[in-house]
Amino acid sequence: MAVTSASGRRSGEVRPEWKETLGAVGVVPPVVTDLRAGLAEAGAAIVPGYATDPERLVDAAATALGGGLRELFGIRAQGGTDAPILGLHSDGANVVVDVHGHPVRLRDPDEDWLLMLCGRAADSGGDSVLVDGYALVEALRTAAEPELREVHEFLVGTDVDFFGSWVQPARGVPATPLVRRMVEYTRAGRRAVRASDYAAPVPRSPYWDTELALIERYADVLATAMEVAPRFRLDAGDLFVLDNYRFLHGRDAYRGERTLHVLTVRSVGAFGARAW
């Protein structure tokens, strides 16, 4: 079963008995030259050899979303040397600062598009994994295993404290619990499928033990889905764009140095976004 570290971060356990049920939810994004058309068709796409300058991520966001682009957050470098596996997750963070008496979001938990530019591929490992969250939810809903159908009912029907198990949140993260459902819909009917390493039952839930057990079972679902999903590799200069409400992503452990430049944005389709 899932284990939780001293920091509150949860890691799932691969469950061999679920591999057949979850075997078809992983995908390899298409390689395209027309980014907007590729995203319209598949919701995720790779443009090989797109750029070396991280600032080109802004151009890519404009190309992908056009007039539907509403808000960009800062480009951030990710990577390092000899890193462990990064499990399936959805992007988004809740970081707020005060600028001359005005609250300003440096990150938003409802970012709906994710753009990644590979600066350097690892010497070995580091392959990417992509799971179609819509296919995952359907696989859980129709699973032969009752314990998986229970996970589906929990994801669509129960609120969670999205970062509730985080023992020492980073500076700028509000103390007020961020309550969401793992699967829910925007006002316009767009579905969002989420995953958080730090989810917990909402404060003072009368069903705490039951809900925590289902959160941990969902972590096992994600670990199993990642185990059986196909891999693909990003090389230096490759651009990878995905619908952050639809897809969950992760990567394998790697040796050597790896660099990725990341930009998250909000479009007119995001929770709470303006359509005008």
Side-chain angles (χ1 to χ4, degrees), residues 2-12 54 57-58 61 70-80 83-116 133 154-155 158-184 186 192-205 208 211-212 214-216 218-219 222-223 242-251 259-267 269-274:
V3 296
T4 302
S5 70
S7 69
R9 189 168 197 169
R10 186 175 295 103
S11 300
L57 285 167
V58 178
R70 283 295 177 266
E71 188 174 13
L72 297 90
F73 299 91
I75 298 170
R76 54 195 188 274
Q78 295 182 344
I85 189 172
L86 179 63
L88 292 173
H89 62 284
S90 51
D91 262 44
N94 191 25
V95 183
V96 182
V97 298
D98 183 292
V99 180
H100 298 294
H102 298 281
V104 176
R105 281 198 177 277
L106 301 184
R107 293 288 307 281
D108 192 291
D110 293 321
E111 298 157 354
D112 63 331
W113 287 92
L114 172 63
L115 301 93
M116 294 178 276
F154 173 76
L155 297 180
T158 305
D159 290 334
V160 299
D161 182 353
F162 207 64
F163 300 115
S165 71
W166 198 357
V167 174
Q168 291 184 315
R171 184 168 172 79
V173 175
T176 302
L178 185 75
V179 174
R180 298 284 193 275
R181 292 188 181 180
M182 289 297 191
V183 179
E184 59 184 359
T186 69
V193 179
R194 300 186 174 99
S196 169
D197 295 339
Y198 295 98
V202 297
R204 301 190 180 185
S205 170
W208 182 280
E211 291 172 356
L212 181 58
L214 285 162
I215 289 171
E216 292 178 341
Y218 182 41
L222 296 176
L242 62 93
D243 179 345
N244 191 49
Y245 284 7
R246 175 175 174 180
F247 293 98
L248 307 175
H249 64 285
R251 59 147 177 78
T259 305
L260 203 65
H261 304 282
V262 180
L263 174 67
T264 46
V265 307
R266 280 166 47 85
S267 75
F271 284 94
R274 298 182 290 109

Engineer: Mark yes or no for whether Asn244, through its side chain, and Leu114, through its backbone, hold a donor-acceptor pair below 3.5 Å.
Structural biologist: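 Looks like no, no N/O pair under 3.5 Å.
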Engineer: Can you tell me how far OG of Ser90 sits from CG of Asp243, rounded to the nearest 0.5 angstrom?
Structural biologist: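 Between atom CG of Asp243 and atom OG of Ser90 there are 11.0 Å.
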Engineer: Mind checking whether Tyr198 and Asp161 have side chains closer than 4.5 Å, heavy atoms only?
Structural biologist: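 Of all side-chain heavy-atom pairs linking Asp161 with Tyr198, none is under 4.5 Å.
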Engineer: Of all heavy-atom pairs between Ala192 and Phe271, which one has the smallest distance, and what is that distance?
Structural biologist: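 Taking every non-hydrogen atom into account, CB-CE1, 3.8 Å.
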Engineer: Find the distance between CD1 (Ile215) and OG1 (Thr4) and round it off to the nearest 0.5 Å.
Structural biologist: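 Separation between the atoms: 9.5 Å.
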Engineer: Can any side-chain N or O of Arg10 pair as donor or acceptor with the backbone N or O of Ala199 at less than 3.5 Å?
Structural biologist: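 Flag set: sc Arg10 to bb Ala199 pair under 3.5 Å.
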Engineer: Could you grab the distance from atom OG1 of Thr264 to atom CZ of Arg107, nearest 0.5 Å is fine?
Structural biologist: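 If we round to the nearest 0.5 Å, Thr264:OG1 and Arg107:CZ are 4.0 Å apart.
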Engineer: So, are Asp91 and Arg76 salt-bridged, with charged N and O less than 4.0 Å apart?
Structural biologist: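 Answer for the salt bridge query: yes.
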Engineer: Identify the heavy atoms of Phe73 and Arg105 that sit nearest to each other, and give their distance.
Structural biologist: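 Closest heavy-atom pair between Phe73 and Arg105: CE2-O, 4.0 Å.
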Engineer: CH2/Trp113 to CG/Leu263 distance, rounded to the nearest 0.5 angstrom?
Structural biologist: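 Going from CH2 on Trp113 over to CG on Leu263, the span is 13.0 Å.
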Engineer: Rounded to the nearest 0.5 Å, what separates atom CE in Met182 from atom CG in Leu214?
Structural biologist: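 These two atoms lie 11.0 Å from each other.
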Engineer: Could you report the tightest heavy-atom contact between Ser196 and Phe162, atom names first, then the distance?
Structural biologist: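 Shortest heavy-atom separation between Ser196 and Phe162 comes out as OG-O, 2.6 Å.
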Engineer: Any non-hydrogen side-chain atom of Val160 less than 4.5 Å from a side-chain atom of Phe154?
Structural biologist: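 In short, these two side chains touch, coming nearer than 4.5 Å.
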Engineer: So do His261 and Met116 actually touch side chain to side chain, heavy atoms under 4.5 Å?
Structural biologist: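 No, side chains not in contact.
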Engineer: Taking C-beta and beyond as the side chain, do Glu111 and Glu71 meet within less than 4.5 Å on heavy atoms?
Structural biologist: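 When only atoms from C-beta onward are counted, Glu71 and Glu111 do not touch, as no gap falls below 4.5 Å.
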Engineer: What are the two closest heavy atoms between Gly250 and Leu88, and how far apart are they?
Structural biologist: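 Closest pair (atom of Gly250, atom of Leu88, distance): N-CD2, 3.9 Å.
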Engineer: Give the C-alpha distance, both sets of side-chain angles, the deciding distance and a yes or no for side-chain contact (heavy atoms from CB on, under 4.5 Å) between Ile75 and Val58.
Structural biologist: CA-CA 9 Å; Ile75 298 170; Val58 178; 4.2 Å; yes
Engineer: Do you know the tightest heavy-atom contact between Arg180 and Pro109?
Structural biologist: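 Shortest heavy-atom contact: NH2-CG, 3.5 Å.
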Engineer: Starting at CG of Asp112, measure out to CZ of Arg246 and round the result to the nearest 0.5 Å.
Structural biologist: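 Between atom CG of Asp112 and atom CZ of Arg246 there are 14.0 Å.
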Engineer: Side chains of Leu178 and Val173: closer than 4.5 Å at any heavy-atom pair?
Structural biologist: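 In short, these two side chains do not touch, never coming nearer than 4.5 Å.
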Engineer: Any side-chain heavy-atom pair from Asn94 and Pro174 closer than 4.5 angstrom?
Structural biologist: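 They are in side-chain contact.
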Engineer: Are any side-chain N or O atoms of Arg70 and backbone N or O atoms of Gly269, one a donor and one an acceptor, separated by less than 3.5 Å?
Structural biologist: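 No; zero donor-acceptor contacts below 3.5 Å.
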Engineer: Can you check whether Leu260 reaches Arg251 side chain to side chain, under 4.5 Å on heavy atoms?
Structural biologist: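 The answer is no, as the side chains (C-beta and beyond) never meet within the 4.5 Å cut-off.
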Engineer: Do Asp159 and Arg181 meet the salt-bridge criterion of a basic N to acidic O distance under 4.0 Å?
Structural biologist: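 Salt bridge: yes.
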Engineer: Please give me the minimum heavy-atom distance between Leu248 and Val193, naming the atom from each residue.
Structural biologist: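 In terms of heavy atoms, the two residues are closest at CD2-O, 3.7 Å.
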Engineer: Do the non-hydrogen side-chain atoms of Thr186 and Tyr245 ever get within less than 4.5 Å of each other?
Structural biologist: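 With C-beta onward as the side chain, the pair touches.
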